[in-house]
Amino acid sequence: GLVRIPQTIGLLSKLTYLSLANCGCLKELPDTLSGLVSLQQFDLSVSDIDRLPMSIGRLTSLIDLNLSQCALLVELPDSLGGLVSLQSMN
């Protein structure tokens with residue numbers, strides 16, 4: 001499965017939907033995620049992610065964040081307060 005997300009993902013500034021669901025080998029996300037300025041839906045459900053980067057708070061277009069069944073995720077960064085468009089978080 002997917003083990004790592006390339007740093008260049010931040011160049012996809014027009015991307016509106018990203019699903020990394022069921023990526024059991026994925027442990028972390030790059031800080032360059034903040035470049036996804038148009039991202040509205042982000043699905044990380046059933047992944048082995050153990051932390052979210054502080055830069056996630058810069059995704060100001062994000063409406064839906066799915067973290068359901070992320071058993072290894074034990075803490076959310078304070079930067080989540082920057083998600084001013086967020087309407088749904090599982």
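Everything numeric here is computed off the predicted structure, so don't read it as measured data.
With sequence neighbours left out, the side-chain hydrogen bond (donor to acceptor under 3.5 Å, both in side chains) criterion links Ser45 to Asp43. Residues satisfying the side-chain hydrogen bond (donor to acceptor under 3.5 Å, both in side chains) criterion with Asp31, sequence neighbours excluded, are absent altogether. Among residues two or more places apart in sequence or in another chain, the side-chain hydrogen bond (donor to acceptor under 3.5 Å, both in side chains) test is passed with Ser55 by none. Remark: Leu18 pairs with Ile9, Leu15, Leu20, Leu36, Leu39, Phe42 by the side-chain contact (heavy atoms from CB on, under 4.5 Å) rule, at least two apart or across chains. Every residue meeting the side-chain contact (heavy atoms from CB on, under 4.5 Å) condition with Gln7, not counting sequence neighbours, appears here in chain and number order: Pro30, Thr32. Taking Ser13 as the reference, nothing meets the side-chain hydrogen bond (donor to acceptor under 3.5 Å, both in side chains) condition, with sequence neighbours excluded. Here Asp48 pairs with Lys27 under the salt bridge (charged side-chain N to carboxylate O under 4.0 Å, His left out) rule; sequence neighbours left out. By the side-chain contact (heavy atoms from CB on, under 4.5 Å) test, Gln40 pairs with Ile63, sequence neighbours left out. The side-chain contact (heavy atoms from CB on, under 4.5 Å) search around Leu11 returns Thr8, not counting sequence neighbours.
When side chains are defined from C-beta on, Leu59 does not count as touching Leu65, because their heavy atoms never get closer than 4.5 Å.
A side chain to side chain contact (heavy atoms under 4.5 Å, CB included) with Leu44 is found for exactly one of Asn66, Leu73, Leu52, namely Leu52.
In this structure, Arg58 and Ser34 approach most closely via the heavy-atom pair NH1-OG, 3.3 Å.
Note on Tyr17: it does not cluster hydrophobically with Leu33, by side-chain heavy-atom contacts below 4.5 Å among ILVMFWY residues. Clustering ILVMFWY residues whenever any of their side-chain heavy atoms sit less than 4.5 angstrom apart, transitively, puts Leu62 in the very cluster that holds Leu76.
Going from atom CD1 of Ile49 over to atom CG of Leu67 covers 9.0 Å, rounded to the nearest 0.5 Å. Put simply, CD on Gln87 and CG on Asp64 are 9.0 Å apart, with the number rounded to the nearest 0.5 Å. The CG atom of Leu26 sits 8.5 Å away from the CD atom of Glu28 when rounded to the nearest 0.5 Å.
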Name every donor-acceptor pair, under 3.5 Å, that has one atom in a side chain of residues 77-85 and the other anywhere in the protein, sequence neighbours excluded.
| residue | atom | partner | partner atom | Å |
| --- | --- | --- | --- | --- |
| Ser79 | OG | Met54 | O | 2.6 |
| Ser85 | OG | Thr60 | O | 2.6 |

